[in-house]
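Contents: one structure, followed by commentary.
Please read these numbers as outputs of a predicted model, since none were measured by experiment. In what follows, chains carry the letters A, B, and so on, assigned in the order in which the sequence lines appear, proteins first and then strands, with residues in each chain numbered from 1.
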Amino acid sequence: MGSLAKGMRDAFFDTLFSIALKNKDILLLTADIGAICHDKFRKSLPKQYVNVGIAEQNMVGLSAGLALTGKKIYIYSIIPFLAMRCYEQIRVDICCMDLPVKIIGIGAGFDYSTLGPTHHGTEDIALMRFLPNLTIYSPSDNLCASEIARKSSREDGPAYIRLDRTGYPPIYRDSGKINMRLGFSVVKGGKDLCIIASGNMVYTALKVSGRLSEHSASCGVIDLFKLKPINAEKLICAIKGLSHVVVLEEHCLSGGIGENIAALFLSQMGQCPRLKLLGIPDRFCAEYGKRESLRRACNLDVGSISNIILEWIKK
Amino acid sequence: MALNAGSGHIASAFSCVEILVSLYHGGILRVKPGNAAYRKRDRFVLSKGHAAIALYAVLADLGFFPNSRLDKFGKEGGHLGVHPELNTPGIDVLSGSLGHGLSVGSGLALGARLDNEKYVTVVLLGDGECQEGMIWEAALFSSQHNLNNLIVVIDYNKLSATDFLKKGLSAQALSKKWEAFGWQSIIVEGNSFEKLLPVLRGVHGRSSSKPLAIIAVTTKGKGVSFMENKPIWHYRIPSGNELKIALKEMFLTEKDVNYWKGDLS
């Protein structure tokens with residue numbers, strides 16, 4: 001399991017590095033947030049790597065100026081310092097001008113578990129969803145992150161890409177299963193219900209599905225890795241005939257993909273399946289420990305999720 | 001334009017007219033009105049985007065777009081808004097939210113450096129705008145990266161939207177602040193072509209490795225006595241007798257504002 005050691009961040013930037021080697025117009029900007037996978041940019045592509053310093057707002061404006069000269073820019077920092085601190089800069093400088101700047105937020109959900117609420121990336125998707133022109137990706141594993149790196153380098157507009165630092169077991173064995181055009185993949189079929197999950201929660205969803213099968217419930221899992229725009233028509237096709245659908249995310253429930261999908265289903269389906277939205281409740285999480293402990297505090301661990309779903313489908 | 005649309009920042013525009021005319025009509029900025037997207041052109045960022053009304057007049061006068069566009073400023077079916085956008089020929093950067101322009105300008109200047117292009121980037125900031133923290137993030141970055149192809153002109157008119165900046169920085173103190181951030185800094189009379197042009201002529205091929213800040217000491221509402229140095233005129237359109245006085249002081253007649261179809265009385 002070599003992929004365990006390397007996380008989706010490494011996979012993303014390794015792929016980006018190989019693309020940047022062949023394209024000098026690709027630049028990586030960081031706001032003094034390091035990553036070992038950035039070292040080769042620093043060493044081998046010094047003209048394509050800029051540490052802007054601890055000045056995230058300037059980094060966003062700077063990336064817009066560089067993009068206006070024909071460059072394709074990747075900017076990198078911890079989610080709250082980018083998606084939240086720089087919201088208006090992202091809105092005006094990147095989205096209003098529709099520039100090829102890819103915003104890479106590190107630390108999805110409770111990834112920075114011990115660093116406290118200042119470092120938790122738990123409201124970013126809600127904020128980014130509101131911005132016109134912006135595409136949003138949230139890869140579920142290393143292969144998926146690689147594919148998104150490749151796809152984003154070919155796309156012209158702005159994008160927000162939400163990454164984990166830490167490594168988890170893979171969801172995909174080969175990239176052929178990752179349908180970039182569709183924006184989601186059915187990673188496991190199910191007859192009774194389905195969990196639509198994003199990011200690292202896809203792995204949790206697969207475990208939950210295993211737990212549910214012990215209780216004779218056949219639960220499918222969909223990896224929704226493109227969060228904006230969502231291919232609603234195809235997603236509705238994928239869950240057709242199921243009576244229960246769960247949306248699972250490591251993000252606050254307000255404004256998350258659960259709300260988004262609920263609105264899509266309600267407005268576009270004649271008859272909606274019953275929906276359960278699982279995410280972080282309306283509070284800051286001041287617990288510490290491993291990511292799993294924080295998830296447990298928010299009922300987002302495999303045991304809690306399985307129990308919630310079992311009780312729900314019995315009703 | 002402002003009369004016609006009933007909207008616009010006249011006093012902010014009057015404050016920087018001489019700066020804009022010097023840059024464009026004075027031949028400082030190397031631009032091609034017939035080919036606005038010319039790759040090697042000098043870049044201009046109107047960071048105090050609310051003064052766009054003055055920039056539009058300058059760009060139209062040079063032929064970037066027909067004068068007829070000005071008639072539809074701020075109007076339904078028009079292309080020119082109170083703040084500049086990329087769909088207007090000659091506008092390099094969308095602006096309107098204060099504090100952004102120097103960062104974007106730094107990106108343009110860094111892009112030129114990476115591509116070995118000789119063009120310069122000129123950013124026009126308001127003095128009130130210098131209260132925004134992002135300006136100083138960019139000031140620090142651009143001097144650390146020796147972006148000597150980046151020029152800032154500060155429209156130092158000593159007023160912001162609602163108040164005087166007299167409790168803020170003197171021109172000398174502001175100049176020292178830019179120097180402390182690693183910039184070369186010059187103070188100049190900003191409503192005088194004679195004083196501005198010699199300073200601006202030096203922006204290309206500078207020998208200093210530092211970016212350059214030009215603090216242009218100006219008068220907000222310049223040219224109309226009752227608008228000068230009056231915070232209330234930051235966002236106000238004259239009418240009636242005010243308008244008559246304004247036109248007279250600017251040596252204009254009713255005929256000169258020929259696109260205006262309103263009532264002068």
Check whether more than 12 heavy atoms from other residues, nucleotides or ligands sit under 6.0 Å from atom CZ of B/Arg206, and answer yes or no.
yes
Which answer fits A/Glu88, side chain, backbone, both or neither, if we ask what part of it has an atom under 4.5 Å from a heavy atom of chain B?
both
If you compare all heavy atoms of A/Gln89 against all heavy atoms of B/His100, which two are closest, and at what distance to 0.1 Å?
CA-CE1, 3.7 Å
If you count the non-hydrogen atoms of other residues, nucleotides and ligands that lie under 6.0 Å from CZ in A/Arg165, is the total more than 12?
yes
Can you tell which part of B/Leu110 gets under 4.5 Å to a heavy atom of chain A, answering side chain, backbone, both or neither?
both
Flag the pair B/Val93 / A/Met97 as yes when at least one side-chain heavy-atom distance between them is below 4.5 Å, and no otherwise.
yes
Just wondering, more than 12 heavy atoms not from A/Phe284 lying within 6.0 Å of its CZ?
no
Evaluate the side-chain contact (heavy atoms from CB on, under 4.5 Å) criterion for residues A/Leu27 and B/Leu114: first the C-alpha distance (whole Å), next the side-chain angles of each, then the deciding distance (0.1 Å), finally the verdict.
CA-CA 11 Å; A/Leu27 264 68; B/Leu114 291 169; 3.6 Å; yes
Does atom CG of A/Asp282 have more than 12 heavy-atom neighbours, drawn from other residues, nucleotides or ligands, at distances under 6.0 Å?
no
Note: A/Thr69 and B/Gly107 closest approach over all heavy atoms is CG2-O, 4.4 Å
Can you tell me which of A/Val60, A/Val52, A/Ile54, A/Ile73 forms the most heavy-atom pairs within a distance under 4.5 Å of chain B?
A/Val52
Could you check whether atom NZ of A/Lys40 has more than 12 heavy atoms from other residues, nucleotides or ligands sitting under 6.0 Å from it?
yes
Counting N and O atoms only, with roles assigned by atom type, does the side chain of A/Gln57 sit under 3.5 Å from a partner on the main chain of B/Met134, one being a donor and the other an acceptor?
no
Hey, which of A/Val92, A/Asp98, A/Asp25 has the most heavy atom pairs under 4.5 Å with chain B?
A/Val92
Partner of B/Leu108 under side chain to side chain contact (heavy atoms under 4.5 Å, CB included), chosen from A/Leu66, A/Leu68, A/Leu62:
A/Leu68
Side chains of B/Asp115 and A/Lys24 in contact at under 4.5 Å (non-hydrogen atoms):
yes
